[in-house]
Number of protein chains: 2
Amino acid sequence: MPRKPSYDRDALIAQARDIFWRQGWAGTSLKDLESELKLKPGSFYAAFGSKDALYALALQKYLHDSVARMQTLAEELGPLGALKAQPLLVVEAADPPSRVCMLAKTFAELRARDHELSAQAGAHLGEMLECFTALFQQAQARGEIGGDHDPARLAARYQSDLMGLRLSADRDDVDARAIASDIASDIERLRAT
Amino acid sequence: MPRKPSYDRDALIAQARDIFWRQGWAGTSLKDLESELKLKPGSFYAAFGSKDALYALALQKYLHDSVARMQTLAEELGPLGALKAQPLLVVEAADPPSRVCMLAKTFAELRARDHELSAQAGAHLGEMLECFTALFQQAQARGEIGGDHDPARLAARYQSDLMGLRLSADRDDVDARAIASDIASDIERLRAT
DNA sequence: GGCTTTATTGAGTGGTCACTCAAGTATATA
DNA sequence: TATATACTTGAGTGACCACTCAATAAAGCC
């Protein structure tokens, strides 16, 4: 009896993620979303409920894909190799919506209002941090880095540096590759000798 | 003949800077400004012309104060000492509007729209970078760091790390002091032996 | 083909946005 | 004190905001 929707829900979420990522929460209007996703207001609200609900789905997808990418990279290059490769990969990615981390952007934009989406972005940053921590732990377990390092502390510094790098990469008066290379050198320097 | 305004223009700009800093560009309405600055719309527009014009003044003040603070610090602690001290000072500052750098926030928020204020924030980040570069150069000239380092490259990495740190400092699941201390250690490690 | 159930449409909602302007008020000079 | 010159006031502007809903169209099952 039911009629199927004519759109691919998951593709729409990915598209919305890119718009939100580029323009931010306040900078994206329903009109923007409706025209890009080719949905009339009625369909939009039937499908997602609200702008914030769609934004939450977009954040979730962003986190999921980010973690998956790091884990794939770790399978290819090993944990330390993945951590070392990531900075330059981020800088050299072919036209992403923005080089700046969407979680960091959302967290910063909405924190002052105590908006629920800021809390969610913060929680997702925490999950990303755990992902980095796990990789440093694995590197340590493999003996790639010395046992005197604290993986959680290394991960916090690493994530912080990465957020700075990604913001720097959006500027055109800064050599982000040089920064990425220096961050990678810091990782390399941890390698147990 | 003329009547003097009843407000202190410079104090109003500082107040506006704090509101914009905390809430961002899109997150701050004229109503917010009018109620906080105790200005009716007519007075507001007579005094500043537009929301964007006031934001531009706020950015300018932010940059000016930031550079002045670094230079004062350098007079007290020397160039390398100032660079080393700054990370922890930023983290431990008593309730600023936001730990996140206002220039970085503005740049990230408005870049997608090619807003003029984003370009201005970007330019100011460049001036801040020059300030850091000058301090590294001075440290080198004094022989505090080795001659094999490139001050511009050190400054770019330093500024990038600082932006990451300041975002991290707004999270409550991260030990920003530890990150600040690690950044300071990196500076210390440059010291010529 | 008839019927049920859902998707789609787009004009319309009240509210807020940045901003304007004419009228009223206070002050420094002459 | 009279007057010119500002500053101050606040209701009002059209545009846009997120969002609603009744009408219409299309698909699956009998």
Can you tell me how far C1' of C:dC17 sits from CH2 of B:Trp25, to the nearest Å? 10 Å
Nearest of C:dT8, C:dC17, D:dC19 to any side-chain atom of A:Ala46? C:dT8
Expressed as a whole number of angstroms, how long is the span from B:Arg9:CZ to D:dA6:C1'? 16 Å
Atom CG of A:Leu33 and atom P of D:dC19: how far apart are they, to the nearest Å? 10 Å
Taking D:dT9, C:dT8, C:dC17 as options, the one with an atom nearest any side-chain atom of A:Ser43 is C:dT8
Check: A:Leu190 and A:Glu144 side chains under 4.5 Å, non-hydrogen atoms: no
Assess whether side-chain hydrogen bond (donor to acceptor under 3.5 Å, both in side chains) is satisfied between B:Arg171 and A:Gln159, documenting all intermediate values. CA-CA 12 Å; B:Arg171 297 170 62 184; A:Gln159 186 181 41; 2.7 Å; yes
Are the ring centres of A:Phe48 and A:Phe44 closer than 6.0 Å? yes
Rounded to whole angstroms, how far apart are CG on A:Asp32 and C1' on D:dC19? 16 Å
Between C:dC17 and B:Ser29, is there an OP1 or OP2 to side-chain N/O distance shorter than 4.0 Å? yes
B:Asp18 with B:Lys61: basic N within carboxylate O range, under 4.0 Å: no
What is the distance, rounded to the nearest whole Å, between atom CG of A:Leu39 and atom P of C:dG10? 13 Å
Could you check whether the rings of A:His115 and A:Trp25 sit parallel, tilted or perpendicular, using 30° and 60° as the cut-offs? perpendicular
OP1 or OP2 of D:dT20 sitting under 4.0 Å from any side-chain N/O of A:Tyr45? no
Interface with DNA chain D, restricted to residues 50-58 of chain B and to heavy atoms under 4.0 Å: none
Distance check needed: C:dT16 P versus B:Leu30 CG, whole Å only. 15 Å
What is the distance, to the nearest angstrom, from the NZ atom on A:Lys31 to the P atom on D:dA18? 11 Å
Euclidean distance, atom CD of residue A:Glu34 to atom P of D:dC19 [Å, nearest integer]: 10 Å
Considering all heavy atoms, the nearest A:Asp173-B:Gly122 contact: OD2-O, 4.3 Å
Using a cut-off of less than 4.0 Å, is there contact between a side-chain N or O of A:Lys40 and OP1 or OP2 of C:dT8? no
Quiz question: by atom type and distance under 3.5 Å, do the side chains of B:Thr28 and B:Tyr55 form a donor-acceptor pair? no
